[in-house]
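For reference, the structure discussed in these notes is given below.
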Amino acid sequence: MFDPLDLFKKKKKKVTLVLGGGSARGLAHIGVLGVFEEKGIPIDSIVGTSMGALVGASYSVGVSLKEMYNTAEKFSANQLMDPTIPRMGLLAGRKLEAMVRQLTHGKSFEDCKIPLTVVTTNIETGEEVIYNKGDLVKIVQASCSWPGIFNPVQIDGKLLVDGGIKNSVPTRIAKKLGADYILAVDVGFCVKTGKVENIFQMILQSFQITGEELNKYQALESDFMIKVDLGDLNQVSFERAHEAMIKGAAAAMEKIPALKKDLGL
């Protein structure tokens, strides 16, 4: 039976969780998700780029936070190293693909318990390319493929690379998709001062500078932002995974009262 009082009840906000890129820094997302689970923060959909896409995909298909935490603790950058003759990247990307397959249990978009959107970039046109169907493993691999470091991934006739080079925190994409309430997590970048001595450091530093600038503007598109302060932890500091996850959890916990009030929980 229709209750007239329903007209006056506050409409429940549908929460779109936006997870930014950051490679090793992005492991902080696991800590954030742990707090959301503990405190009952609803997540109705996820939009992710780069490491945010990988963490978001794993969570969406039902991988437990405990498994994600344990995998992150044991991971090292060496597990991604498969050097190739440099034509479009220093690394072939086969090990990256294998890692994505392992962390998502080889599942597909159809297996997602929480609707997922993954953001990539077409390196030949500069356009963002977003997916919520298709080959989940290959699409997440593309979203994580730093140009110049990993070979790009060919999908649907497009040459795709890291979604973060255009959407480091893809709030604008979430808004374009019609998100009701955008809850974003920004793990920031680590712009260093000092000597740059090789091509890897050169590419890494360029990502830090560009990403830090992008984040300033993309954060404005969110309804609620959790910014994780990771200090000097850089994109390849996988050996500091525990620290990243702990700091992610701490940043989320600090914001829970304000977030619950904003969501009417």
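This is a predicted model, so every value here is computed, not measured.
- Around the CG atom of N70, the shell of radius 6.0 Å holds more than 12 heavy atoms that belong to other residues, nucleotides or ligands.
- A distance-only check finds no donor-acceptor pair linking the side chain of Q141 to the backbone of V100 [under 3.5 Å].
- Here the straight-line distance linking atom CG of D186 with atom OG1 of T171 works out to 9.5 Å at 0.5 Å rounding.
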Distance-only donor-acceptor pairs under 3.5 Å for side chains of residues 242-259, two or more places apart:
from	atom 1	to	atom 2	distance (Å)
H242	ND1	Y69	OH	2.4
E243	OE1	R240	NE	2.8
E243	OE1	R240	NH2	3.1
E243	OE2	R240	NH2	2.9
E243	OE2	K247	NZ	3.1

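- With respect to S145, the side-chain contact (heavy atoms from CB on, under 4.5 Å) criterion is satisfied by exactly one of I123, T121, L96: L96.
- Listed here is the closest heavy atom pair of L160 and V129: CD2-CG2, 3.9 Å.
- Taking the charged nitrogens against the carboxylate oxygens, D180 and K13 have no contact shorter than 4.0 Å, which rules out a salt bridge.
- Scanning both residues, L17 and V185, for their nearest heavy atoms gives CD1-CG2, 4.0 Å.
- Between D44 and P115, the closest heavy-atom pair is O-CD, 3.3 Å.
- Taking R94 as the reference, nothing meets the salt bridge (Lys or Arg N to Asp or Glu O under 4.0 Å) condition, with sequence neighbours excluded.
- A salt bridge links E128 with R172: the closest approach of a Lys/Arg side-chain nitrogen to an acidic carboxylate oxygen falls below 4.0 angstrom.
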request  = Applying side chain to side chain contact (heavy atoms under 4.5 Å, CB included), run through E239 and S237 and close with a yes or a no.
outcome  = CA-CA 5 Å; E239 74 283 355; S237 298; 3.9 Å; yes

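- Of all non-hydrogen atoms in G21 and V187, the two that sit nearest each other are O-CG2, 3.1 Å.
- Across V118 and S143, no two heavy atoms sit closer than the pair CG1-CB, 3.7 Å.
- Shortest non-hydrogen contact noted between K107 and L136 is O-CD2, 3.5 Å.
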key: L54 and M51: CA distance, side-chain angles, deciding distance, side chain to side chain contact (heavy atoms under 4.5 Å, CB included) verdict   = CA-CA 5 Å; L54 178 53; M51 181 57 84; 4.0 Å; yes

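- The line from NE2 of H29 to CG of L27 is 9.0 Å long, rounded to the nearest 0.5 Å.
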task = Mind running side chain to side chain contact (heavy atoms under 4.5 Å, CB included) on Q79 and F238 for me, showing each step along the way?
result = CA-CA 11 Å; Q79 291 173 251; F238 289 101; over 6 Å; no

